Amino acid sequence: MNTNLKIFNTLKRKKEDFEPINPPFVGMYVCGPTVYSDVHLGNCRTFISFDLIYRYLLHLGYKVRYVRNITDAGHLEGDRDEGDDKFAKKAKLEQLEPMEIVQKYTLGFHHVMRKFNTLSPSIEPSATGHISEQIEMIKEIIANGYAYEKNGTVYFDVEKYNKDYSYGQLTNRKLEELLEGTRELSGQDEKKGRLDFALWINAKPETLMKWPSPWGWGFPGWHIECSAMSTKYLGEMFDIHGGGMDLQATHHTNEIAQSQACNQTAPVKYWMHTNMLTVNGVRMSKSAGNGFLPEELFTGNHPLLEKGYSPMVVRFFMAQSHYRSTLDFSNEALQTAEKWYYKLMKAGQILNKLKTQDKSSVNIEELKNNCYEAMNDDFNSPVLISHLFEAVRIINSINDGKESISQNDLDVLKSLYKTFVYDVLGLTNEDIPSASNDLTTELINLILNLRMEAKKNKDFATSDKIRNELTAKGVIIKDTKDGFEWELAD
Ligand code: AMP
Ligand code: ZN
């Protein structure tokens, strides 16, 4: 299967030809949400980016098993297993069972993902549903000599591992550099090395979510769940592993170490990372408190927002930047995205009514190649969108009679629009405003024709009344030499 697809592999720090291990099958694992609170728009950006990637792989004909996990246990506040358990803390705060918290925010997450028209993953495993797999993996890592137990907690021995493998390979950093950035161990620390991280954490009497294990009652560390679940569903080595860039240095670095230490093979062929959604240049995060909830964006109910934007406008806004570039959130950018999104949708409607001629004056094959070239270049959605606007220009020009298209080319153009606008970018046209709704257009034309008649009959009272009332409803009317023109106010 030769698809010419190139993917930027974080591990190799370069673009590589995509060659799945077992074509046409592709195993893809994406780190999912931690469901102790609502997902913010930054999280959504990562999941929408991988939805676009998933959609394009499916379009190319790959049989993708897409696994996106739900983190519902073992997530402590610090990256390095320090602080309170986020689920237990939230459960106490909301006076709910931890599993009620998990259920509430998982349902909320699914609701948001549906609004953004993302496809469901093939498997959505949860950490709490895979405790025994995690325990088995930890036992194997201990047996292989890369982990040790201290008072019911099991630590991964990073320095020992680094003697045999390269621990910092994903971020291209040496162990010495990593050690420099970590605090010294105190006399109270149980772990041997500064970079050692917990695979299993001993439960305190007050710990709410805990399970029995060979090391006593406890709960898994955050990183082990992804190693255990990806191995279970995709095998010891699989094609693509994704997540946000913020996960590279710790979570994914530790995942590689755990899987390698357990299975004695590098787990992933292509590591892919999405860049961050920022607000005034600062990464959107739960802890920074600058997170927008998707619902706030849809309704416009947020102090920083001038108005609401539909999920499809937001999805289009995100696709306008490449998944590896940062994307800064602003009212102006969203307003512009809204205008362009409507143009794209409007052209899609005109496309269905275009009249054909014997010959084409436009080059649709070239346009199609350009679209594939853009997506084959590491899923370059902004470049794809620029080609789709060339399609919009062509469609409008044919509609205005300035260009012509043959039946054959029209079929190609229609299928290109369906493929890239709807199937790959995942846009739907349900949000298109009423100006482009045929019935509304016809009714406004009808009323304005009645106004022309009234004017002709010198019934200026009726003519003015129609004008004033339509203006009040947001219809901007311009009288012209031949009659009238109108548009809806923004
Ligand atoms: P979390 O629920 O915090 O574990 O995050 C879920 C996913 O969202 C992870 O893949 C993160 O890397 C990603 N993520 C978190 N913040 C942002 C952001 N501001 N922009 C893009 N992705 C993010
Ligand atoms: Zn993960």
Side-chain angles (χ1 to χ4, degrees), residues 10 28-53 67-79 86-87 90 101-102 105-106 108-109 112-113 116 118 121 123-127 130 134 137 170 197 199 220-234 238 240-259 267-268 271-294 297 314 317-318 321-329:
T10 313
M28 175 162 100
Y29 187 95
V30 172
C31 290
T34 310
V35 288
Y36 71 95
S37 64
D38 288 311
V39 281
H40 56 66
L41 210 64
N43 304 131
C44 294
R45 184 196 184 193
T46 287
F47 302 129
I48 292 171
S49 297
F50 280 103
D51 183 62
L52 180 101
I53 289 163
V67 183
R68 187 183 65 207
N69 69 302
I70 294 279
T71 296
D72 60 352
H75 208 318
L76 300 185
E77 277 177 328
D79 249 1
K86 290 174 174 170
F87 293 95
K90 198 63 187 276
I101 296 287
V102 166
Y105 293 111
T106 303
F109 170 61
V112 167
M113 287 295 100
F116 281 126
T118 62
I123 307 178
E124 199 172 38
S126 68
H130 296 77
Q134 298 178 68
M137 194 162 200
L170 192 58
F197 58 91
L199 300 173
W222 168 34
H223 318 297
I224 193 74
E225 69 176 83
C226 290
S227 286
M229 296 191 286
S230 62
T231 306
K232 171 159 177 156
Y233 296 112
L234 299 173
F238 55 96
I240 298 175
H241 193 316
M245 270 182 186
D246 56 320
L247 301 183
Q248 273 174 41
T250 308
H251 183 56
H252 290 164
T253 291
N254 291 350
E255 257 192 76
I256 297 178
Q258 293 164 153
S259 296
V268 174
W271 278 95
M272 297 183 72
H273 290 97
T274 52
N275 212 325
M276 296 290 107
L277 180 72
T278 55
V279 187
N280 297 325
V282 178
R283 180 191 144 196
M284 186 180 282
S285 75
K286 288 171 192 164
S287 51
N290 62 353
F292 280 84
L293 297 184
L297 192 60
V314 180
F317 161 71
M318 291 190 181
S321 76
H322 187 241
Y323 76 90
R324 283 193 292 113
S325 314
T326 52
L327 172 62
D328 201 48
F329 179 92

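The model shown is predicted, which means the values in this text are computed figures rather than measured ones. All ligand and atom numbering here is 1-based and tracks the order in the structure.
Between Pro33 and ligand 1, no N or O atom pair is found at a separation short of 3.5 Å. Any N or O atom pair closer than 3.5 Å counts here, and Gly244 shares at least one such pair with ligand 1. The N/O atoms of Asn43, backbone and side chain alike, include one that comes under 3.5 Å of an N/O atom in ligand 1. At a 3.5 angstrom cut-off on N or O pairs, Thr46 counts as close to ligand 1.
At least one heavy atom of Asn275 sits closer than 4.0 Å to an atom of ligand 1. Remark: distances from the non-hydrogen atoms of Met245 to ligand 1 are all 4.0 Å or more. Residue contacts with ligand 1: Gly32 is included, with a non-hydrogen atom under 4.0 Å away. The shell of residues lying under 4.0 angstrom from ligand 1, judged by heavy atoms, excludes Thr274. Within the structure, the closest approach of Cys31 to ligand 1 falls below 4.0 Å when heavy atoms are considered.
Interface atoms of ligand 1 facing Phe47, defined by a heavy-atom separation under 4.0 Å, are 6 (C), 7 (C). Proximity to Leu247 (heavy-atom distance under 4.0 Å) selects the following atoms of ligand 1: 9 (C), 10 (O), 12 (O).
Counting only distance, with no hydrogens or angles, the side chain of Ser230 and the backbone of Ser227 share a donor-acceptor pair below 3.5 Å. In this structure, Gln248 contributes its side chain and His273 its backbone to no donor-acceptor pair below 3.5 Å. At least one donor-acceptor pair closer than 3.5 Å links the side chain of Asn69 to the backbone N or O of Gly32.
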Next on the checklist: Under the criterion side chain to side chain contact (heavy atoms under 4.5 Å, CB included), I'd like the reasoning laid out for Asn254 against Trp222: C-alpha separation, chi angles, the key distance, then a yes or no.
Outcome noted: CA-CA 10 Å; Asn254 291 350; Trp222 168 34; over 6 Å; no
Checklist entry - Please walk me through it: do Ser126 and Glu225 pass side chain to side chain contact (heavy atoms under 4.5 Å, CB included)? => result CA-CA 8 Å; Ser126 68; Glu225 69 176 83; over 6 Å; no
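The aromatic ring centroids of Phe47 and Phe109 lie less than 6.0 Å from each other.
Which of Arg45, Met284, Arg68 comes nearest to atom 19 (N) of ligand 1 through a heavy atom is settled by distance: it is Met284. Considering only non-hydrogen atoms, atom 12 (O) of ligand 1 lies nearest to Asp246 out of Thr326, Asp38, Asp246. Within the set Val279, Leu277, Asn290, the minimum heavy-atom distance to atom 20 (N) of ligand 1 is found for Leu277.
For the side chain to side chain contact (heavy atoms under 4.5 Å, CB included) test with Pro294, the passing option among Val112, Asn43, Asp38 is Val112; the others fail.
Under the 30°/60° scheme for interplanar angles, the aromatic rings of Phe197 and His223 are found to stand perpendicular. Between Trp271 and His252, the ring planes are tilted. Angles from 30° to 60° get that label. Taking the six-membered ring for Trp and thresholds of 30 and 60 degrees, Phe238 and Tyr29 have ring planes inclined between 30 and 60 degrees apart.
Around the Zn ion (ligand 2), the protein atoms of type N, O or S that sit closer than 2.8 Å are Cys31 SG, Cys226 SG, His251 NE2.
Looking at Ser325 and Asn275, their side chains never bring a donor and an acceptor atom within 3.5 Å of each other. Looking only at atom types and distance, the side chain of Arg68 has no donor-acceptor partner in the side chain of Thr118 under 3.5 Å away.
In this view, Gln134 satisfies the side chain to side chain donor-acceptor pair (under 3.5 Å) rule with no residue, not counting sequence neighbours.
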